[in-house]
There are 2 protein chains.
Amino acid sequence: MEGATVRGIAKEAGLSLGALRHYFATQDELLMYAMQLVKERATARIAEISANEKWAPKERITKIFLELLPTNQEKMVEMEVWFAFTVYFRHKKDGFDAQHDGIYAAVRKLLDSADQLNLLRKELDKEMEAEKLYAVIDGLALHAYLEPQRVNGEWITKVLEHHLASLFH
Amino acid sequence: MEGATVRGIAKEAGLSLGALRHYFATQDELLMYAMQLVKERATARIAEISANEKWAPKERITKIFLELLPTNQEKMVEMEVWFAFTVYFRHKKDGFDAQHDGIYAAVRKLLDSADQLNLLRKELDKEMEAEKLYAVIDGLALHAYLEPQRVNGEWITKVLEHHLASLFH
DNA sequence: CTTTTATTAGCACAGTTGTATTATAAAAAT
DNA sequence: ATTTTTATAATACAACTGTGCTAATAAAAG
């Protein structure tokens with residue numbers, strides 16, 4: 001949250017303090033808006049992949065999961081924003097529950113639909129695998145953020161694809 | 001880092017500002033010390049498990065990995081500290097490399113020794129599995145931190161044990 | 001054309017922060 | 001015994017922060 005001061009944001013936007021305050025009465029409003037913006041952008045990208053029928057189901061599902069990883073600069077920035085804000089709001093316990101990710105729910109849904117398409121290995125514990133996959137995704141994202149030189153885009157792509165391959169048959 | 005102000009820490013310690021400053025000239029020194037303290041405590045706990053021969057190797061290795069997860073209140077607090085400080089120092093790029101986890105290296109080492117004891121399934125790509133396991137560990141830890149009600153100690157224990165079982169034969 | 005509303009800019013205020021300085025007491029060293 | 005080092009406290013300072021307030025200006029509505 002280092003530069004996310006009201007003054008810093010106003011300067012970046014080319015506005016005065018008062019002008020910015022005309023649109024966002026408090027800092028929290030401003031940060032919430034930024035967080036929602038990131039969420040909407042990511043959701044839109046995923047919806048686009050979801051709707052694109054030129055890929056086979058398995059490929060499409062893989063691409064969706066890959067979309068959750070910071071494999072390029074743009075997504076890395078979004079991820080940093082999301083991450084910083086999550087930690088920030090985590091510490092103002094008030095009304096944070098409503099702000100939750102939804103990624104876990106999305107993972108479960110995707111695994112379910114993969115299962116209905118008969119893509120998954122039969123012996124899997126789906127609840128367990130959902131939790132593991134969710135952990136792999138955020139773990140890789142976190143490591144790409146903290147150790148960008150060692151854990152880069154190509155590598156996390158490979159690792160996630162490898163993990164998904166272990167779920168499909 | 002909400003309460004980690006110099007004044008806050010001095011008050012918590014029952015010292016005046018000047019007294020605290022006698023031991024830690026700057027805030028960064030203080031935070032670095034706290035970070036190192038957490039690291040030493042965790043390292044000591046792991047060393048203790050490592051040296052305890054009452055467990056079979058597989059069980060021992062499992063216990064070590066479980067030690068990296070915030071399965072109780074104490075470890076959760078340590079993890080929050082570690083986590084907040086990591087993010088904090090990440091943003092002061094200066095001399096952060098030296099402060100790195102070492103968890104990834106530890107995971108690789110443990111997998112190697114498990115392999116030498118013939119505990120691992122033969123067809124595994126060890127580099128890949130180390131990265132995945134590392135991601136699962138930190139992913140679970142992160143989720144336990146952000147969603148403590150859903151992702152609690154027993155559950156992450158179960159999930160990690162399940163994942164380790166998929167590596168052993 | 002007048003009036004109302006939306007927008008912008010600037011400043012002030014009160015609080016917090018890290019750090020520097022100075023004074024004083026206690027302990028240790030010489 | 002005196003000098004030096006260690007420890008503690010209190011205060012000061014400059015910078016930064018979120019937010020409130022006021023006035024001016026542009027745009028829109030009546």
Side-chain angles (χ1 to χ4, degrees), chain A residues 1-41 76-101 142 145-146, chain B residues 1-41 76-101 142 145-146:
Chain A
M1 303 298 294
E2 197 165 295
T5 68
V6 176
R7 282 174 179 77
I9 293 166
K11 188 171 184 177
E12 193 88 10
L15 291 174
S16 70
L17 263 182
L20 183 61
R21 202 165 148 32
H22 183 253
Y23 300 97
F24 300 98
T26 73
Q27 188 187 29
D28 277 11
E29 267 182 46
L30 184 51
L31 299 180
M32 293 269 204
Y33 174 81
M35 206 162 170
Q36 203 198 329
L37 199 66
V38 168
K39 194 172 188 172
E40 277 168 13
R41 291 214 290 183
M76 179 60 91
V77 171
E78 283 185 4
M79 187 257 192
E80 287 185 39
V81 171
W82 182 263
F83 185 55
F85 286 4
T86 296
V87 172
Y88 174 75
F89 284 121
R90 172 72 172 65
H91 266 278
K92 330 187 94 183
K93 49 191 173 302
D94 196 17
F96 176 70
D97 283 347
Q99 199 53 248
H100 255 159
D101 244 7
L142 184 65
Y145 168 62
L146 293 174
Chain B
M1 305 295 295
E2 196 165 295
T5 68
V6 177
R7 282 173 180 79
I9 293 166
K11 188 168 185 179
E12 193 89 9
L15 291 174
S16 71
L17 263 181
L20 183 60
R21 200 171 146 50
H22 182 253
Y23 300 97
F24 301 97
T26 71
Q27 187 186 30
D28 277 11
E29 266 181 47
L30 183 52
L31 299 180
M32 294 270 203
Y33 174 82
M35 207 163 169
Q36 202 199 330
L37 199 66
V38 168
K39 193 172 189 171
E40 276 168 15
R41 292 213 289 183
M76 179 60 92
V77 170
E78 284 185 3
M79 186 258 191
E80 286 184 39
V81 171
W82 182 264
F83 185 54
F85 287 3
T86 296
V87 171
Y88 175 74
F89 284 121
R90 172 71 172 69
H91 265 278
K92 329 187 98 185
K93 50 193 173 299
D94 196 17
F96 176 70
D97 284 349
Q99 198 54 247
H100 253 160
D101 244 6
L142 184 66
Y145 168 61
L146 293 175

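Sequence lines set the chain letters: A, B, ... in the order given, protein chains first and strands last, and positions in each chain run from 1. Any value given below was found using the heavy atoms of this structure, including those in side chains, with hydrogens, waters and symmetry copies removed. Model, not experiment: these values are computed from the prediction.
Listed by first and then second residue, the salt bridge (charged side-chain N to carboxylate O under 4.0 Å, His left out) pairs that reach into residues 16-32 of chain A are Asp28(A)-Lys92(A), sequence neighbours excluded. The salt bridge (charged side-chain N to carboxylate O under 4.0 Å, His left out) analysis of residues 3-15 of chain B, with sequence neighbours excluded, yields no pairs.
Atom P of nucleotide dT17(D) and atom CG of Asp28(A) are separated by 16 Å, given to the nearest angstrom. For the pair Met32(A) CE and dG18(D) P, the computed distance is 15 Å after rounding to whole Å.
Counting all heavy atoms, side chain and backbone alike, Thr86(A) lies closest to Met35(A) at OG1-CE, 3.5 Å. Contact detail for Phe89(A) and Leu31(A): the closest heavy-atom pair is CZ-CB, 3.8 Å. The shortest non-hydrogen separation linking Leu146(B) to Arg90(A) is CA-NE, 4.0 Å.
Within the 4.5 Å cutoff, the side chain of Leu20(B) has heavy atoms near those of the Leu30(B) side chain.
Annotation: side-chain contact (heavy atoms from CB on, under 4.5 Å) contacts of Ala19(A) (sequence neighbours excluded): Leu15(A), Ser16(A). The ring pair (Phe, Tyr, Trp, His ring centres under 6.0 Å) check on Phe24(B) picks up Tyr33(B), with sequence neighbours excluded. Here Arg41(B) pairs with Glu78(B) under the salt bridge (Lys or Arg N to Asp or Glu O under 4.0 Å) rule; sequence neighbours left out. Checked against ring pair (Phe, Tyr, Trp, His ring centres under 6.0 Å), Phe83(A) has the following partners two or more places apart in sequence or in another chain: Tyr145(A), Phe83(B).
Inter-axis angle, ends of the helix from dC1(C)-dG30(D) to dT30(C)-dA1(D), five pairs per end, rounded to 10 degrees: 10°.
Contact footprint of chain A on DNA chain C: nucleotides with an atom under 4.0 Å from a non-hydrogen protein atom, first to last in 5' to 3' order, dA6(C) to dA12(C).
Atom OH of Tyr88(B) and atom CE of Met32(B) lie 9.0 Å apart (nearest 0.5 Å).
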Using a cut-off of under 3.5 Å, enumerate the N/O to N/O pairs linking the protein to nucleotides 24-26 of chain D.
none

For nucleotides 6-9 of chain D, print each protein N/O atom paired with a nucleotide N/O atom at under 3.5 Å, atom names and distance only.
| unit_1 | atom_1 | unit_2 | atom_2 | d |
| --- | --- | --- | --- | --- |
| dT8(D) | OP2 | Tyr23(B) | OH | 2.4 |
| dA9(D) | OP2 | Ser16(B) | N | 3.3 |

